[in-house]
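In what follows, every heavy atom counts, from backbone to side chain, and hydrogens, waters and symmetry copies are set aside. Chain identifiers are assigned alphabetically (A, B, ...) following the order of the sequence lines, protein sequences preceding nucleic acid strands; residue numbering begins at 1 within each chain.
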There are 2 protein chains.
Amino acid sequence: MGGMNPASDMANDMVTDTAAAQEPRWLTDEEQRTWLAYVHATTLLEDHLDRQLQRDAGMPHLYYHLLVVLSAQPQRRLRMTELAMKTKITRSRLSHAVARLEKNGWVRREDCPSDKRGQFAVLTDGGQEMLDKSAPEHVAAVRQALFDRLSPGQQKALGEIMEIVAEGLQPKEVGADLPWLR
Amino acid sequence: MGGMNPASDMANDMVTDTAAAQEPRWLTDEEQRTWLAYVHATTLLEDHLDRQLQRDAGMPHLYYHLLVVLSAQPQRRLRMTELAMKTKITRSRLSHAVARLEKNGWVRREDCPSDKRGQFAVLTDGGQEMLDKSAPEHVAAVRQALFDRLSPGQQKALGEIMEIVAEGLQPKEVGADLPWLR
DNA sequence: CCCCCGTAGTTGAAGTCTCAACATTTCTTG
DNA sequence: CAAGAAATGTTGAGACTTCAACTACGGGGG
């Protein structure tokens, strides 16, 4: 089941070069299986939730998640850039998404009084109602696909792992590795 | 940090109803954190790999993965439906993807002699070369984002968890839970 | 005060994905 | 063997995403 190993399955050769990636460290068989399982699971789960929410709420998972995040904010509102950061998407993507959600009446835009460039994305009452209505089905789907299948220990491990991975990919605060190579 | 709990944070009420989902079991705080971390990590990682591969190989991650799977097959070829199943995508999506990859010269289509409906997707020599060329950068990206940040125990746990989740979402062999409700 | 630069957010075009409909071919069953 | 049912793969339209370019505003330094 080759994957990331176009050359050989041997153990890594001695590294005789400077620093970065002269002879790449291929994935071991175990790592390949893990990576393949990761790709499969994330693909299937995202597809599954997209279909579930498209059916029950009329929008893809990301859009639903935007509403969820907004609903947890003080005035059910957030500046566009903040919302983009909290949901790990680009401002452009968010702009398109909010335009669509606005057309559906779940979200409304408001100008920011202190910064004339700024815009707030505000969850409307209709948006909150739609969330309340579709939340049970959604949480059930997440449970059935994920939590109900994992032991408590696995759930704990999953949380820790995902926090590490997310932390490592945050665009902000590079700090740690080789900032001079970027 | 509300998420899936529009009503309350109290423990689950006593269930007084028939079977499925009358009063949904909301996610606990811990489960909400885990779920949020999962969404963040998978979003960021897929975006990261899409950008890395778009830059280094001129295609998104899924397309690259299609080539990887093909390259591991006996004659570097697979029937469309088999390739779709192995990569967990729909036949339609695969059709579009292969059309694009064919235009780029990485893949070629071939008729199946034994089934006149069938088509093989075949990885071309050019496709294999491009894989060989971009594999080092890609494996490095996967390592840096995932494996290098996890302990051996976490890697093992991740593999097991993802296999469970993927297994549970396979469209085939429903079997286990409540097939009569679908 | 003005210029330059950085930030906030939007836009349009091109690429990708979903969904339903479709044409073909194969399988199944009476 | 002749339907009807199922499987294979494609197609087109509409929805979503990406990328780069763009407008508009805010914040210093001269």
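- A salt bridge does not link A:Asp47 to B:Lys88: none of the charged nitrogens lies less than 4.0 Å from a carboxylate oxygen.
- A salt bridge does not link A:Asp125 with A:Arg108: none of the charged nitrogens is closer than 4.0 Å to a carboxylate oxygen.
- D:dT10 atom P lies 10 Å from atom CZ of B:Arg79, rounded to whole Å.
- A donor N or O paired with an acceptor N or O is not found under 3.5 Å between the base of D:dG9 and the side-chain atoms of B:His96.
- Using a 4.0 Å heavy-atom criterion, one finds that B:Asp111 contacts no nucleic acid atom at all.
- Residue-level contact check: B:Asp50 touches neither bases nor backbone, having no heavy atom under 4.0 Å from any strand.
- Of the two residues contacting DNA chain D, namely A:Ile89 and A:Asp115, the nearest-nucleotide position lying further toward the 5' end is that of A:Ile89.
- The nearest whole Å value for the distance from the CG atom in B:Asn104 to the C1' atom in C:dG15 is 12 Å.
- Distance, B:His61 NE2 to D:dT18 C1': 17 Å, rounded to whole Å.
- We find that CG of A:Leu94 is positioned 12 Å from P of D:dT18, with the value rounded to whole Å.
- Positionally, the nearest nucleotide of DNA chain C for A:Met80 lies more toward the 5' end than for the other of B:Arg100 and A:Met80.
- Residue contacts for B:Ser92: at a heavy-atom cut-off of 4.0 Å it reaches a base atom on one of the strands shown.
- Across all strands shown, B:Leu62 has heavy atoms under 4.0 Å from sugar-phosphate atoms exclusively, and none from any base.
- In terms of position along DNA chain C, the nucleotide closest to B:Gln54 lies nearer the 5' end than the nucleotide closest to the other residue of the pair B:Gln54 and A:Arg51.
- Of the possible donor and acceptor atoms, none in the side chain of A:Glu137 sits under 3.5 Å from a partner among the backbone N and O of A:Gln52.
- Residue B:Arg117 places a side-chain atom within donor-acceptor reach of the base of C:dT25, judged by atom type and a 3.5 Å distance cut-off alone.
- Among the nucleotides D:dC16, C:dT26, D:dT18, the one closest to any side-chain atom of A:Arg93 is D:dT18.
- Remark on DNA chain D: of its neighbouring residues A:Ala97 and B:Phe120, the 5'-side contact belongs to B:Phe120, judged by nearest-heavy-atom nucleotide.
- Here A:Lys156 pairs with A:Glu160 in a salt bridge; the nearest charged N to carboxylate O distance falls below 4.0 Å.
- In summary, A:Arg143 and B:Glu31 engage in a salt bridge, as defined by a charged side-chain N under 4.0 Å from a carboxylate O.
- Atom CG in A:Leu83 sits roughly 15 Å away from atom C1' in C:dT10 (whole-Å rounding).
- Comparing C:dT16, D:dT11, C:dT25 by their closest approach to the side chain of B:Ser95 singles out D:dT11.
- In this structure, B:Tyr63 reaches the sugar-phosphate backbone alone: every heavy-atom distance under 4.0 Å involves primed, P, OP1 or OP2 atoms, never a base.
- Between A:Arg91 atom CZ and D:dC16 atom C1' the separation is 19 Å, expressed in whole Å.
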